[in-house]
Amino acid sequence: MLVTGGVGTFAVQLAKAFGAHVTGVCRTSKTDLVRSIGADDVIDHTREDFTDQVGHYDLILDPTSTHTLARLRRALTPRGTLVMVGGAEGGRRLHGTDRLIRAMLLSPFVGQHLRGVLTTAPAKDLHTLTELIDAGTVTPILDSTYPLVRSPTRSAI
């Protein structure tokens, strides 16, 4: 699992809440944070590439899109699942979504499950998330806070 921002910090906590063994991937300055929210193992991506571990992960959540589809698939178990959040940077015509499209087209022909994330959430999932937050199992991680006057949309208020 890759951990960098809000998606990753929620994903680690949710995975732990449901009993998963979690490996977090982040930069050096975030390793203590990732451990503190429950990751069992932490890989500093500035020192080690998690995709070098062939067939190691049952699930990879990729919110950063910094690895090729081939490298991500190599790190998955033969029946593993890759979940990509958003498209990669760049791309002349599809602006990075070509990687996601290739994965979804390839998925029916390989043993691995290659998926993208849509931004819809069924009400029951939101209720489950609310219960986990209310119980203190999942906590939003704030890096910084800013006064409302520094908000880029303050003119709309």
Side-chain angles (χ1 to χ4, degrees), residues 1-46 48-51 53 55-67 69 71-73 75-89 96-97 99-101 103-104 106-108 110-154 156-157:
M1 175 176 299
L2 300 178
V3 179
T4 52
V7 170
T9 57
F10 270 108
V12 167
Q13 294 176 79
L14 288 169
K16 290 305 295 180
F18 289 99
H21 179 94
V22 176
T23 299
V25 179
C26 60
R27 65 177 171 260
T28 308
S29 63
K30 300 291 184 180
T31 57
D32 289 338
L33 168 66
V34 173
R35 279 189 191 92
S36 76
I37 61 174
D40 300 291
D41 302 304
V42 179
I43 295 174
D44 178 347
H45 70 73
T46 66
E48 180 181 357
D49 186 347
F50 82 96
T51 63
Q53 299 181 21
H56 190 78
Y57 301 101
D58 294 315
L59 171 69
I60 296 174
L61 174 68
D62 180 21
T64 61
S65 303
T66 57
H67 291 86
L69 182 57
R71 288 192 66 83
L72 291 167
R73 287 191 58 228
L76 281 174
T77 58
R79 295 271 184 220
T81 299
L82 169 62
V83 179
M84 293 175 285
V85 181
E89 292 291 321
T97 58
R99 181 172 154 250
L100 178 60
I101 293 167
M104 291 175 13
L106 179 62
S107 190
V110 298
Q112 297 163 327
H113 305 280
L114 313 174
R115 304 281 184 261
V117 172
L118 300 175
T119 59
T120 60
K124 69 179 182 98
D125 292 346
L126 293 175
H127 290 295
T128 301
L129 181 59
T130 300
E131 290 170 0
L132 290 168
I133 291 171
D134 287 345
T137 304
V138 173
T139 305
I141 305 298
L142 300 178
D143 182 42
S144 303
T145 59
Y146 300 94
L148 187 57
V149 296
R150 287 189 54 198
S151 170
T153 59
R154 77 171 193 240
I157 297 175

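In this chain, residues are counted from 1 in sequence order.
What you find for Val42 and Thr31 is that their closest heavy atoms are CG1-CG2, 3.8 Å. Residue Val34 comes nearest to Gly24 through the heavy atom pair CG1-CA, 4.0 Å, listed as atom of the first residue, atom of the second, then distance. Taking every heavy atom of both residues into account, Pro63 and Val7 meet most closely at CB-CG1, 4.0 Å. Shortest non-hydrogen contact noted between His21 and Asp40 is CA-OD2, 3.2 Å. For Ala11 against Leu61, the heavy-atom pair with the smallest separation is CB-CD2, 3.3 Å. Across all their heavy atoms, Val25 and His45 have their closest contact at CG1-CB, 3.7 Å.
Residues meeting the salt bridge (Lys or Arg N to Asp or Glu O under 4.0 Å) test with Asp32, sequence neighbours left out: Arg35. Under the side chain to side chain contact (heavy atoms under 4.5 Å, CB included) criterion, Asp49 pairs with Thr51, Asp52, His67, Arg71, not counting sequence neighbours. In this structure Asp58 satisfies the salt bridge (Lys or Arg N to Asp or Glu O under 4.0 Å) test with no other residue, sequence neighbours excluded.
Rounding to the nearest 0.5 angstrom, the gap separating the CG atom in Leu129 from the NZ atom in Lys124 is 13.0 Å. In this structure, OH on Tyr57 lies 11.5 Å from CG on Leu72, to the nearest 0.5 angstrom. Atom CG of Leu76 and atom OG1 of Thr81 lie 7.5 Å apart (nearest 0.5 Å). If you take CG on Asp41 and OG1 on Thr23, they are separated by 4.0 Å, rounding to the nearest 0.5 Å. The CG atom of Leu114 lies 6.0 Å from the CG atom of Leu69; values are rounded to the nearest 0.5 Å. Between the CG atom in Leu33 and the SG atom in Cys26 there is a gap of 7.5 Å [rounded to 0.5 Å].
Donor-acceptor pairing under 3.5 Å is recorded for the side chains of Arg27 and Ser29. Thr28 and Asp44 are linked by a side-chain donor-acceptor pair at a separation below 3.5 angstrom, with hydrogens and angles left out of the test. Residues Arg115 and Ser107 have side chains that bring a donor and an acceptor to within less than 3.5 angstrom of each other.
At least one donor-acceptor pair under 3.5 Å links the side chain of Gln13 to the backbone N or O of Thr139. Under the 3.5 Å distance criterion, the side-chain polar atoms of Gln112 are matched with a main-chain donor or acceptor of Thr77. The closest donor-acceptor contact from the side chain of Asp62 to the backbone of Met84 lies at 3.5 Å or more, if one exists at all.
For NE2 of His127, the number of neighbouring non-hydrogen atoms (other residues, nucleotides, ligands) closer than 6.0 Å is 12 at most.
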